[in-house]
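In what follows, a single structure is set out as structure tokens and then discussed.
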Amino acid sequence: MRLNRFFLPTLREAPTEAEVPSHILLLRAGYIRQLAAGIYSYLPLAQRSLLKIQEIIRQEMNAIGGQEFYLPALHPAELWKDTGRWEVMGDNMFRLKDRWGRDMCLGMTHEEVFAKIAHYEMRSYKELPQYWYQIQAKFRDEPRPRSGLLRVRQFTMKDSYSFDLDRAGLDLSYNDHYNAYCRIFTRCGLEFLVVAAHSGAMGGNQSHEFMVKAEAGEDWVATCAACGYAANTERATSRLAAIEDEDAPQPQPVKVSTPGQKTIDEISRFLKVPGSGQIKTLIYMVESEPVLILMRGDHQLNEAKLESALATTVFRPALPEEIRQAMGADAGSLGPVGVKGFRIIADRALQGRKNMTTGANEDDCHIQGVTPGVHFQAEYFDLRTVQHGEGCPECDGILAVAKAIEVGHIFKLGTKYSEALNARVLDQAGNLHPILMGSYGIGVERILSSAAELYHDEHGMILPVSIAPFEVIVVPVSVRDDDLLRAAEDMYARFQELGVDVLLDDRDERAGVKFNDADLIGVPYRVTLGQKKLKAGLVELTVRRTGERTDIPLADAVARVAGLIAEQRRCLDDRAAALERLEGRA
RNA sequence: CGGGACAUAGCGCAGCCUGGUUAGCGCGCCUGCCUUGGGAGCAGGAGGUCGCAGGUUCAAAUCCUGCUGUCCCGACCA
């Protein structure tokens with residue numbers, strides 16, 4: 001491509017609406033422009049990069065036997081009503097009506113549509129397993145789009161679905177996808193980690209997320225450097241230091257006056273009791289019934305874990321009026337002792353504790369000497385969010401908690417959708433079985449954004465060669481010098497002959513402008529042609545990642561750079577292949 | 001949905017508090033000269049419904065009300 005005719009609207013300054021590095025860079029480098037909140041146009045640079053990412057995904061999906069489909073983005077409501085997700089998805093779903101007033105929606109994901117096809121067409125276990133995938137736009141009316149392409153309302157997802165007769169088959173399908181995903185992200189040049197994850201609204205019972213550590217991420221992952229334990233904090237557990245409580249001085253709790261003291265910290269100071277010696281009482285409305293949730297004072301409730309414990313998604317923190325009506329006191333003076341008629345669930349960290357402090361259900365009063373199991377009964381679950389620096393649950397190591405971007409997520413769905421949509425096959429014995437499904441997603445734009453987050457400097461992006469929109473840029477420092485221009489044109493033509501994605505900066509601009517643009521858009525290699533060196537038969541090669549510059553003979557420049565690019569690609573491919581051996585499953 | 005902020009030229013901003021004739025600045029853009037190894041220099045020029053709609057006023061970018069849009073902080077997900 002000739003830059004002279006290429007649409008490259010680079011910005012010298014960062015637009016104010018952008019805060020995270022990838023957003024700023026993608027805007028500045030002329031990759032994207034915003035159309036509305038969370039809706040972006042992809043300009044030629046972005047499109048080139050995204051197509052390369054999609055091609056890598058295609059190759060790896062095809063390699064495990066995946067078959068590419070292309071399903072509608074526009075769905076009839078009935079399909080989603082059949083699985084109950086018409087209601088479950090709530091305001092996150094874009095809804096519309098057709099001219100006859102029929103309810104329609106834009107697809108948020110495609111379990112329903114694929115399962116429907118399976119329902120119509122799959123009859124026998126002999127047809128299984130199947131891996132079906134597509135690369136398609138998804139629509140989600142996010143409450144808060146943000147961070148450029150990281151959280152948007154329309155995005156491109158590679159979604160695949162596996163169909164198996166039984167559990168063992170699903171396990172194999174899941175592993176195939178697990179391995180394919182490792183290869184995909186590796187070939188895209190990302191450093192990533194795989195973590196145990198919460199299944200959420202998707203249903204199913206096992207899932208992993210593929211995470212790229214980055215400040216701009218919206219997820220938190222807990223990892224142990226010692227044993228490799230890794231989990232989303234929605235799932236992560238940790239080893240807590242044991243606490244030896246003294247026996248309470250009296251058999252019954254004692255009420256104390258705590259005027260104006262509401263928070264855990266205030267009580268700590270006022271009563272000289274650390275947060276770990278207190279019971280924090282939260283009231284949630286669960287399917288419109290108040291439920292008491294008890295946490296150790298210094299611990300945080302994790303709503304994803306609460307969802308698992310309650311086995312419902314219909315809950316929310318109670319409003320102040322609801323709290324007063326249920327408990328007879330305001331938040332800040334609540335406790336489980338003497339409460340009747342409400343469900344009480346408690347975090348496991350309270351099990352075996354004694355002589356604790358909590359609210360008395362009377363404003364400005366607390367009680368001390370409370371022992372779980374003696375002064376109140378509760379159902380125990382793991383409900384707390386792990387904290388940085390706590391002990392690893394699987395070894396003697398220490399957990400680190402870091403922010404991360406979710407680039408992929410794989411689920412074992414089971415039969416939720418196949419049962420709802422009646423996708424069944426006959427087994428060998430002639431019995432009907434609902435098909436076991438798996439669901440596997442990759443956020444295509446998030447790969448690009450993650451790369452930009454991971455690899456940039458003050459000059460711009462430094463994209464991996466496998467996903468960079470161009471592999472090399474040829475820069476004659478002046479196009480008014482015929483010799484330079486001719487040499488550059490010649491080099492450009494020879495790169496093209498070799499199938500290298502080459503950009504020729506034939507703009508009549510000063511060298512500095514060209515260098516800055518090349519740096520900004522993140523082209524991995526730059527060949528600079530200047531008068532002096534050219535007379536000596538030399539050109540300059542600059543490696544974007546390292547900034548390293550070397551003079552090389554004009555005569556071998558093309559072969560040399562093409563070789564470097566191929567070597568870089570091979571390096572990523574080799575790493576992907578090595579992963580496969582490591583897992584040894586696919 | 002709760003909380004906070006912003007909206008003036010393509011981008012970044014000033015002006016608004018304390019209303020007043022032609023709304024400025026930097027970058028970018030166009031023309032010419034000059035320059036050509038890290039966003040140069042000189043001269044000239046184009047470009048604005050001051051987010052929208054009402055209101056107050058002799059007079060509104062400026063004050064008031066409503067709306068819309070965008071961003072940021074909390075609950076959802078690729």
Side-chain angles (χ1 to χ4, degrees), chain A residues 9-20 23 27-28 33-39 57 88-93 108-110 135-160 181 197-202 207 209-212 217-219 232 234 301 303-304 306-307 313 315-317 319 405-411 439-447 449-450 459-460 475-481 484 507-520 526 528-534 539-540 542 547 549:
Chain A
T10 55
L11 301 173
R12 213 154 164 177
E13 288 170 284
T16 34
E17 72 257 22
E19 290 218 332
V20 303
H23 190 195
L27 285 170
R28 279 197 57 211
R33 287 294 183 263
Q34 187 181 66
L35 184 62
I39 305 178
I57 293 173
V88 171
M89 290 307 189
D91 290 337
N92 268 2
M93 180 180 259
M108 306 177 66
T109 171
H110 284 76
I135 298 174
Q136 220 251 21
K138 296 286 183 283
F139 298 88
R140 296 181 187 180
D141 196 359
E142 291 289 340
R144 188 151 98 78
R146 74 191 109 166
S147 305
L149 296 186
L150 286 177
R151 173 161 238 77
V152 290
R153 297 196 290 175
Q154 174 178 346
F155 63 98
T156 311
M157 179 156 90
K158 187 292 297 179
D159 49 322
S160 46
Y181 275 35
H198 175 74
S199 302
M202 299 292 293
S207 84
E209 287 167 328
F210 295 76
M211 296 291 206
V212 173
E218 299 176 344
D219 280 89
N232 192 305
E234 292 178 343
L301 171 68
E303 290 200 352
L306 180 62
E307 182 186 316
T313 56
F315 60 83
R316 59 171 173 80
L319 301 172
I405 298 165
E406 181 188 2
V407 290
H409 199 159
I410 59 178
F411 301 84
S439 165
Y440 317 90
I442 289 178
V444 176
E445 293 90 339
R446 278 190 182 175
I447 293 180
S449 289
S450 296
H459 302 294
V475 182
V477 294
S478 168
V479 294
R480 299 190 184 179
D481 181 316
L484 279 187
R507 296 176 300 174
D508 184 13
E509 289 284 357
R510 300 170 61 82
V513 174
K514 298 184 177 190
F515 296 158
N516 281 319
D517 276 343
D519 287 349
L520 182 58
R526 186 181 89 206
T528 312
L529 294 89
Q531 285 98 335
K532 238 184 243 167
K533 286 176 184 171
L534 190 67
V539 295
E540 182 182 87
T542 308
R549 299 179 188 189

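Below, chains carry the letters A, B, ... as their sequence lines are ordered, and counting in each starts from 1.
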Does [N] have a Watson-Crick or wobble partner in any strand here, with both distances under 3.5 angstrom, and which is it?
| N | value |
| --- | --- |
| B/rC50 | none |
| B/rG38 | none |
| B/rG74 | B/rC1 |
| B/rG28 | none |
| B/rU57 | none |

Protein-nucleotide distance ([X], atom [atom1]; [N], atom [atom2]), rounded to Å:
| X | N | atom1 | atom2 | answer |
| --- | --- | --- | --- | --- |
| A/Glu218 | B/rA78 | CD | P | 12 Å |
| A/His409 | B/rC76 | NE2 | P | 14 Å |
| A/Arg446 | B/rA78 | CZ | C1' | 5 Å |
| A/Leu27 | B/rU70 | CG | P | 15 Å |
| A/Arg151 | B/rC71 | CZ | C1' | 16 Å |
| A/Leu319 | B/rA75 | CG | P | 17 Å |
| A/Glu303 | B/rG74 | CD | C1' | 11 Å |
| A/Glu17 | B/rA7 | CD | C1' | 12 Å |

Mark yes or no for a side-chain to base donor-acceptor pair under 3.5 Å between [X] and [N], with no hydrogen or angle criteria applied.
| X | N | answer |
| --- | --- | --- |
| A/Arg146 | B/rU70 | no |
| A/Arg144 | B/rG3 | no |
| A/Glu13 | B/rG26 | yes |
| A/Arg316 | B/rG74 | no |

Sugar-phosphate only, base, or nothing, as touched by [X] at under 4.0 Å among non-hydrogen atoms:
| X | answer |
| --- | --- |
| A/Pro15 | sugar-phosphate |
| A/Thr542 | nothing |
| A/Asn92 | sugar-phosphate |
| A/Ala36 | sugar-phosphate |
| A/Arg526 | base |
| A/Arg28 | base |
| A/Val152 | base |
| A/Asp219 | base |
| A/Gly408 | sugar-phosphate |

Can you tell me how far the [atom1] atom of [X] sits from the [atom2] atom of [Y], to the nearest 0.5 Å?
| X | Y | atom1 | atom2 | value |
| --- | --- | --- | --- | --- |
| A/Gln136 | A/Lys158 | CD | NZ | 13.0 Å |
| A/Tyr181 | A/Ile57 | OH | CD1 | 8.0 Å |
| A/His459 | A/Asp517 | NE2 | CG | 13.5 Å |

May I ask you to test the [X]-[Y] pair for a side-chain heavy-atom distance under 4.5 Å?
| X | Y | value |
| --- | --- | --- |
| A/Met93 | A/Phe139 | no |
| A/Met211 | A/Glu406 | yes |
| A/Lys514 | A/Val477 | no |
| A/Pro15 | A/Gln34 | no |

Original post:
Where each residue is assigned the nucleotide of RNA chain B containing its nearest heavy atom, which of A/Asp508 and A/Asp517 is assigned the position nearer the 5′ end?
Top reply: A/Asp508
**OP:** Return the 5'-most residue of the pair A/Gly38, A/Val407 with respect to RNA chain B, ranking by each residue's nearest nucleotide.
**Re:** A/Gly38
Between [N] and [M], how far is it from one [atom1] atom to the other, in whole Å?
| N | M | atom1 | value |
| --- | --- | --- | --- |
| B/rU18 | B/rG12 | C1' | 27 Å |
| B/rG41 | B/rC27 | P | 7 Å |
| B/rA9 | B/rC25 | C1' | 12 Å |
| B/rG24 | B/rU49 | P | 15 Å |
| B/rU56 | B/rU65 | C1' | 11 Å |
| B/rA7 | B/rG51 | C1' | 6 Å |
| B/rC11 | B/rG74 | C1' | 31 Å |
| B/rA5 | B/rG66 | P | 15 Å |

**OP:** Check the geometry between A/Phe515 and B/rG37 and answer yes if their rings are stacked (centres below 5.5 Å, planes below 30°), otherwise no.
**Re:** no
Among [options], the nucleotide that comes nearest once only the side chain of [X] is considered:
| X | options | answer |
| --- | --- | --- |
| A/Arg549 | B/rG12, B/rU36, B/rG38 | B/rG38 |
| A/Glu19 | B/rG38, B/rC72, B/rC11 | B/rC72 |
| A/Ser478 | B/rU70, B/rA78, B/rU36 | B/rU36 |
| A/Ala511 | B/rU35, B/rU70, B/rG37 | B/rG37 |

Original post:
Is it the case that A/Arg446 places NZ or CZ above or below the six-membered ring of A/Phe155, under 6.0 angstrom from the centre and within 45 degrees of the axis?
Top reply: no
[X] side-chain N/O to [N] phosphate OP1/OP2 under 4.0 Å:
| X | N | answer |
| --- | --- | --- |
| A/Thr16 | B/rG12 | yes |
| A/Gln34 | B/rC71 | yes |
| A/Arg510 | B/rA40 | yes |

**OP:** Identify the heavy atoms of A/Gly38 and A/Pro145 that sit nearest to each other, and give their distance.
**Re:** CA-CB, 3.5 Å
